[in-house]
Protein chains: 2
Amino acid sequence: MASRTDTKTRILDAAEKLFAERGFSETSLRLITSKAEVNLASVNYHFGSKKELIRAVLARYLDVFMPNAAIEIKRLHNAPEDASLNEIFSALIKPLLELNKVRNGGTIIFLQLLGRGYIESQGHLRWFITTHYGEHLATFVKAVVASAPHIPPAEMFWRLHFTLGTIVFTMASADALNEIAAADYGEHNNTEAIIRKVIPYMAAGVAVPVLNN
Amino acid sequence: MASRTDTKTRILDAAEKLFAERGFSETSLRLITSKAEVNLASVNYHFGSKKELIRAVLARYLDVFMPNAAIEIKRLHNAPEDASLNEIFSALIKPLLELNKVRNGGTIIFLQLLGRGYIESQGHLRWFITTHYGEHLATFVKAVVASAPHIPPAEMFWRLHFTLGTIVFTMASADALNEIAAADYGEHNNTEAIIRKVIPYMAAGVAVPVLNN
DNA sequence: GATTAATTTAAACGGGTGTTTAAATTAACT
DNA sequence: AGTTAATTTAAACACCCGTTTAAATTAATC
């Protein structure tokens, strides 16, 4: 049933790397299959279409991250009753960094894929994520809402999407930003350092009181 | 020298709309020229290439926005000595909304174009913006730094890019988010309402004290 | 009004895209 | 081993892309 290192896996490995760094539509199946050293037609044979390959690439990460994230959130919630926003966001660090064990650079690849997915393909991936992982997402949202009860639900909806934009854009530009930061400030940040920078920013933004003017 | 409504302008008008809603590489010259009701070859005749058309589309907005934004920031800075971050960010609202007078929906189109530019074309547009409008950008950055002197420069560099990600991603997804918000919370936000929501979030995030652990 | 320049047009160019096909190969099973 | 199923392969398909060309048309200049 399987060949040398599984054609399916070789395709996924090559695809996720290219998708993350150049985007979905900028990455051709011919480039993927040549990097993976498999035949062009094998993508359609194993995945059916490019669109389904994209979903498979994302699913491989979401299937690991989402359950782990939900577990960490629940663990927080069961303990000191109400966790701070910083604690809730920080609880996602471990699940995120564990993706590095799945694959080298897995954390940043995952976040970049997420961003590409949300921005490039209006809808179809957003639908895929919310329908397949809606339960886990709800766990996270509930914890955030409980931690910032002074923010009305509608406002929280917007702010959580602000956080998504913050982290997703940051990770998509992480390499370029790191280069500039290194040149201008002598800073060298890895993925974890950037995540730890962005969390206080997001937590403060989500919790800031709503002006009623 | 000019025909009915200037072929050049017809192309720019059609292109910016399509670029904003589908991205640069997802928008073909054939689609642009058919919407603009001009000949396919006229893009290359008037602009030289697709890449130069993209820059021309962005420049038309940046040339209006950047000077206006710098003026507003300077006006703030000369008055009550030190403006709050909320005031500084809010000073950008007027220049942003004035883009709606340039063209219907100009504000959101501009912000969406900016986001597409930063995410899609790693580098070449980023270079174009910083070299052509660096002075105006510096005015803004200086005001922010002065308003939050407790944030080290290197940290501020990252946080300002967080804000860029926040607003750019939000605007790129604005239509989709608005649909969800309308369905789930009965909310109907225009571009200005979303901008006014995002500013407190960004201001709080930029100013939050840095943890030294 | 004739001549020159600027613009528009239709057509083709060369190349890249995702997908499909049918034959060749490899693996699995009785 | 022989047969069936799964996989890999090379080639072609139909289509879309940005760009270029050369002729037709329109505008400007003398």
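Residue numbers start from 1 in every chain, and the chains themselves are labelled A, B, ... in the order their sequence lines are given, proteins ahead of strands. Just so we're clear, the structure is a prediction, and the values are computed from it rather than from any experiment.
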### Task
For the residue pair Tyr201(A) and Tyr201(B), categorise the inter-ring angle as parallel (less than 30°), tilted (30 to 60°) or perpendicular (more than 60°).
perpendicular
### Task
Could you label the plane-to-plane angle of the Tyr133(B) and Phe128(B) rings as parallel, tilted or perpendicular, counting under 30° as parallel and over 60° as perpendicular?
perpendicular
### Task
Spell out yes or no: do the side chain of Arg30(A) and the base of dG16(C) have one donor N/O and one acceptor N/O closer than 3.5 Å?
no
Can you identify which nucleotide, out of [options], has its nearest atom closest to the [X] side chain?
| X | options | answer |
| --- | --- | --- |
| Asn39(A) | dA10(D), dA10(C), dT19(C) | dA10(D) |
| Leu40(B) | dT19(D), dT8(C), dT19(C) | dT19(D) |
| Tyr45(A) | dT8(C), dT19(C), dT7(D) | dT7(D) |

Strictly below 4.0 Å: does [X] bring a side-chain N or O up to OP1 or OP2 of [N]?
| X | N | result |
| --- | --- | --- |
| Thr7(A) | dT8(D) | yes |
| Ser28(A) | dT17(C) | yes |
| His46(A) | dT8(D) | yes |

### Query
For the residue pair Ala207(B) and Arg159(B), what are the closest heavy atoms and their distance?
C-NH1, 3.9 Å
Measure from [atom1] on [X] to [atom2] on [N] and round the result to the nearest Å.
| X | N | atom1 | atom2 | answer |
| --- | --- | --- | --- | --- |
| Leu29(A) | dC16(D) | CG | P | 17 Å |
| Glu26(A) | dT17(C) | CD | C1' | 12 Å |
| Glu52(B) | dT19(D) | CD | C1' | 13 Å |
| Glu37(A) | dT8(D) | CD | C1' | 15 Å |
| Leu18(B) | dC17(D) | CG | C1' | 16 Å |
| Ile54(B) | dC17(D) | CD1 | P | 14 Å |
| Leu53(A) | dT19(C) | CG | C1' | 14 Å |
| Lys8(B) | dA6(C) | NZ | P | 13 Å |

### Query
Is the shortest distance from a Lys or Arg side-chain nitrogen in Lys8(B) or Asp13(B) to a carboxylate oxygen in the other one below 4.0 Å?
no
### Task
Run the salt-bridge test on Glu52(B) and Arg55(B) with the 4.0 Å N-O cut-off and return the result as yes or no.
no
### Task
Check every strand shown and say whether Thr27(B) touches a base, only sugar-phosphate, or nothing at a heavy-atom separation below 4.0 Å.
sugar-phosphate
## Note on the structure
When Asn44(A) and Ala41(B) are each assigned the nearest nucleotide of DNA chain C, the 5'-most assignment goes to Ala41(B)
